[in-house]
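Scope of the values below: all heavy atoms of this structure, side chains included, with no hydrogens, waters or symmetry mates.
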Amino acid sequence: MKIGVPSEVKTDEYRVGMTPAGVRELVDAGHEVVVQQGAGIGSGIADADYAAQGATVLPDADAVFGAAEMIVKVKEPQPDEVARLESRHLLFTYLHLAPARELTHGLMNSGATCVAYETVTDRNGRLPLLAPMSEVAGKIATQAGAFMLERPLGGRGILLGGVPGVAAANVMVIGGGVVGLRAALIAIGMEATVFVYDRNIDRLRELDLIFGGRADTCFASTLAIEERLPEVDLVIGAVLVAGAKAPHVVSREQLRIMKPGAVLVDVAIDQGGCFETSRPTTHTDPTYEVDGITHYCVANMPGAVPVTSTYALTNATMPYVLQLANEGVQGASAANPGLKEGVNVVAGQVTNAPVAEAVGVPYVPVDEALGQLAAA
Ligand SMILES: NC(=O)c1ccc[n+]([C@@H]2O[C@H](COP(=O)([O-])OP(=O)(O)OC[C@H]3O[C@@H](n4cnc5c(N)ncnc54)[C@H](O)[C@@H]3O)[C@@H](O)[C@H]2O)c1
């Protein structure tokens, strides 16, 4: 198969979908790889590094999309990229379609087959291609929150860890999954007082053991969250209902009971945001204020640390890229039920039920859609 790796074009996105190690694996397996000139530069990877492992470096995105059958990316395709997609393409990248009606329709109209990193599952039902970026985003969430609490940046002016004789800040993490755990561990490391909220009791049990008394675990009822909000300095939103739009766990009304200058970091912004007042921001302009509360809602947080993130992501995606290249989307989906869960759009049909429901288009089971594709 011919695999294409374009440069990422989303604002402040410096990651790339494949490293030279990935090129080597694919070339050794008999595939061809084309990489856009400069695609790796933001992650510290030179064109020559790709070429040394057997990739062909092409001058622009048109050439890469034109040559490739499978496109491997990081972020959801931007309008220019959607315009380049055709029915012969297999797209493998983050998509986050539930809150993205226009993109979903764009991908449907392209006729391409689109596999989303964030809905691929492993044998335990976990999300192996979301986890590495969630680990990065969780760690950044606390760092960014601590920074935004500084007075010159509009925050309350409180130091997360306090000092002897002065109390530490209170950090509330809502959603104790991969993001929430990493955010909490960094907050614990910075010596804040930490409360982690989740609705899954088994997860709260696991977290309780991991924290060993260094953070409190709390059931995330609406009332319990509301009762804690007046005390907290930093809230990190990290909830996820797989594939679906994020539920709102803090309402606009509730901002009034919070301390002026408190900070909300909405990591779940890529799924539409878990605070009612959230809207996506960029690394260039990461925050805005609503009712005296700073909101940090950067939709591609790991993009800020590409040297870490590109390797963390591609270590996880590589086996799937190889399987898709070796067996095609039908063969790979038949052999790997977890990879099949990643198939969101096939030849104009949406094959992920929560996405179809959120976007308001018909849902077609993936086996049916792939069967039609094979027959076509
Ligand atoms: N902004 C970014 O750059 C970025 C980067 C990585 C991940 N993310 C996003 O972060 C979010 C969390 O990802 P994750 O990997 O930690 O997911 P995860 O599945 O590991 O964890 C989500 C947790 O939320 C809990 N939850 C669900 N509904 C809840 C509710 N109403 N109240 C409290 N808890 C609830 C679940 O029980 C689960 O423990 C996702 O939306 C993901 O897309 C964003």
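Note on Ile174: it does not cluster hydrophobically with Phe211, by side-chain heavy-atom contacts below 4.5 Å among ILVMFWY residues. Val64 and Met1 end up in different hydrophobic clusters when Ile, Leu, Val, Met, Phe, Trp and Tyr side chains are linked at under 4.5 Å. Using a 4.5 Å cut-off between side-chain heavy atoms of Ile, Leu, Val, Met, Phe, Trp and Tyr, with links allowed through other members, Leu85 and Leu97 fall into the same hydrophobic cluster. A continuous path of Ile, Leu, Val, Met, Phe, Trp and Tyr side chains, each step under 4.5 Å between heavy atoms, connects Ile188 with Val265, placing both in one hydrophobic cluster. Under the 4.5 Å side-chain heavy-atom criterion for Ile, Leu, Val, Met, Phe, Trp and Tyr, Leu185 and Ile236 are members of the same hydrophobic cluster.
Considering only residues two or more places apart in sequence or on other chains, Asn300 meets the side-chain hydrogen bond (donor to acceptor under 3.5 Å, both in side chains) condition with Glu13. Listed by chain and number, the residues in a side chain to side chain contact (heavy atoms under 4.5 Å, CB included) with Ala353 are Tyr363 (sequence neighbours excluded). Checked against side-chain hydrogen bond (donor to acceptor under 3.5 Å, both in side chains), Glu102 has no partners two or more places apart in sequence or in another chain. Take Asp28 and apply the side-chain hydrogen bond (donor to acceptor under 3.5 Å, both in side chains) test, not counting sequence neighbours, and it matches Arg24. Every residue two or more places apart in sequence or in another chain was checked for a side-chain hydrogen bond (donor to acceptor under 3.5 Å, both in side chains) with Arg182, and none qualifies.
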- CA sep, side-chain torsions, deciding dist, call: Glu231, Lys259, salt bridge (charged side-chain N to carboxylate O under 4.0 Å, His left out): CA-CA 7 Å; Glu231 297 164 23; Lys259 297 175 189 172; over 6 Å; no
- Item | Arg205 and Asp202: CA distance, side-chain angles, deciding distance, salt bridge (charged side-chain N to carboxylate O under 4.0 Å, His left out) verdict | CA-CA 5 Å; Arg205 286 194 181 102; Asp202 285 332; 2.8 Å; yes
- Pair Phe219-Tyr197, ring pair (Phe, Tyr, Trp, His ring centres under 6.0 Å): steps then yes or no: CA-CA 5 Å; Phe219 186 77; Tyr197 288 72; 9.3 Å; no
- Task: Take Glu81 and Arg84 through the salt bridge (charged side-chain N to carboxylate O under 4.0 Å, His left out) test and state the conclusion after the steps.
- Result: CA-CA 5 Å; Glu81 296 176 308; Arg84 289 190 189 100; 5.4 Å; no
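Minimum heavy-atom separation, Met148 to Pro286: CE-CG, 4.2 Å. In terms of heavy atoms, Val74 sits closest to Gly17 at CG2-N, 3.5 Å. Ala358 and Arg101 get closest at one heavy-atom pair: O-NH2, 3.9 Å. The minimum heavy-atom distance linking Ser309 with Val136 is given by the pair OG-CG1, 3.7 Å.
Put simply, the side chain of Asp198 never gets that close to the backbone of Gly175: no donor and acceptor are under 3.5 Å apart. Between the Ser87 side chain and the Ala112 main chain, no donor and acceptor come within less than 3.5 Å of each other. Judged purely by atom type and a 3.5 angstrom limit, Gln254 uses its side chain to pair as donor or acceptor with the backbone of Ser251. Gln36 contributes no side-chain N or O that, together with a main-chain N or O of Ala39, makes up a donor-acceptor pair within less than 3.5 Å. A donor-acceptor distance shorter than 3.5 angstrom exists from the side chain of Ser110 to the backbone of Leu107, with no hydrogens or angles considered. Under the 3.5 Å distance criterion, the side-chain polar atoms of Glu32 are left unmatched by any main-chain donor or acceptor of Ile3. Judged purely by atom type and a 3.5 angstrom limit, Arg199 uses its side chain to pair as donor or acceptor with the backbone of Ala220. Using modelled atom types, no side-chain atom of Asp49 and backbone atom of Pro20 make a donor-acceptor pair closer than 3.5 Å. With hydrogens and angles ignored, the 3.5 Å screen pairs no side-chain donor or acceptor of Ser43 with any backbone N or O of Ile45. Between the Asp47 side chain and the Gln37 main chain, no donor and acceptor come within less than 3.5 Å of each other.
Counting heavy atoms from C-beta outward, Asn326 and Leu322 have side chains that approach closer than 4.5 Å. Proximity of Pro362 to Gln349: side-chain heavy atoms (C-beta onward) are nowhere separated by under 4.5 Å. Looking at Pro77 and Thr93, their side chains come closer than 4.5 Å, going by heavy atoms from C-beta outward. No side-chain heavy atom of Val235 sits less than 4.5 Å from a side-chain heavy atom of Val263. Between Arg252 and Val290, some side-chain heavy-atom pair lies under the 4.5 Å cut-off. Between Val241 and Pro247 there is a side-chain heavy-atom pair separated by less than 4.5 Å. At a threshold of 4.5 Å between non-hydrogen side-chain atoms, the residues Met108 and Val345 count as touching. You'll find the side chain of Asp80 stays beyond 4.5 Å of the side chain of Val9, heavy atoms only.
Residue pairs satisfying the ring-ring contact (aromatic ring centres under 6.0 Å, His included) criterion with at least one member in residues 288-329, sequence neighbours excluded, are listed as follows: Tyr288-His295. Pairs of residues two or more places apart, or lying in two chains, never qualify as ring-ring contact (aromatic ring centres under 6.0 Å, His included) while including a residue from residues 9-56. Counting only residues at least two apart or in different chains, side chain to side chain donor-acceptor pair (under 3.5 Å) contacts with residues 149-173 comprise Arg156-Asp233. Residues in residues 122-146 take part in no side chain to side chain donor-acceptor pair (under 3.5 Å) pair, two or more places apart or across chains.
Through side-chain heavy atoms spaced under 4.5 Å, either directly or across other Ile, Leu, Val, Met, Phe, Trp or Tyr residues, Ile269 is tied to no other residue. The hydrophobic cluster around Ile41 extends to none of the other residues, as no ILVMFWY side-chain heavy atom falls under 4.5 Å of it. Other members of the cluster containing Val163 are Leu159, Val166, with ILVMFWY side chains joined at under 4.5 Å, either directly or via other members.
Atom CE of Met258 is separated from atom CD1 of Ile293 by 4.5 Å, given to the nearest 0.5 angstrom. Atom CD of Glu341 is separated from atom CD of Glu118 by 12.5 Å, given to the nearest 0.5 angstrom. If you take CZ on Arg214 and CD on Glu191, they are separated by 11.0 Å, rounding to the nearest 0.5 Å. Summarising the geometry, atom CG belonging to Asp270 is positioned 8.5 Å from atom CG belonging to Leu240; distances are rounded to the nearest 0.5 Å. For the atom pair NE2 (His96) and OH (Tyr117), the distance works out to 11.0 Å, reported to the nearest 0.5 Å. We find the CD-CG distance between Glu289 and Leu255 to be 10.5 Å, quoted to the nearest 0.5 Å.
Ion pairing between a basic and an acidic side chain is recognised when a charged N comes within 4.0 Å of a carboxylate O; Glu8 and Lys10 show no such pairing.
Partner of Asn344 under the side chain to side chain donor-acceptor pair (under 3.5 Å) criterion, chosen from Thr351, Thr119, Thr113: Thr119. Between Met18 and the choices Thr317, Val35, Val33, the side chain to side chain contact (heavy atoms under 4.5 Å, CB included) rule is met once, by Val33.
Residue Glu69 qualifies as enclosed at atom CD: its count of foreign heavy atoms under 6.0 Å is above 12.
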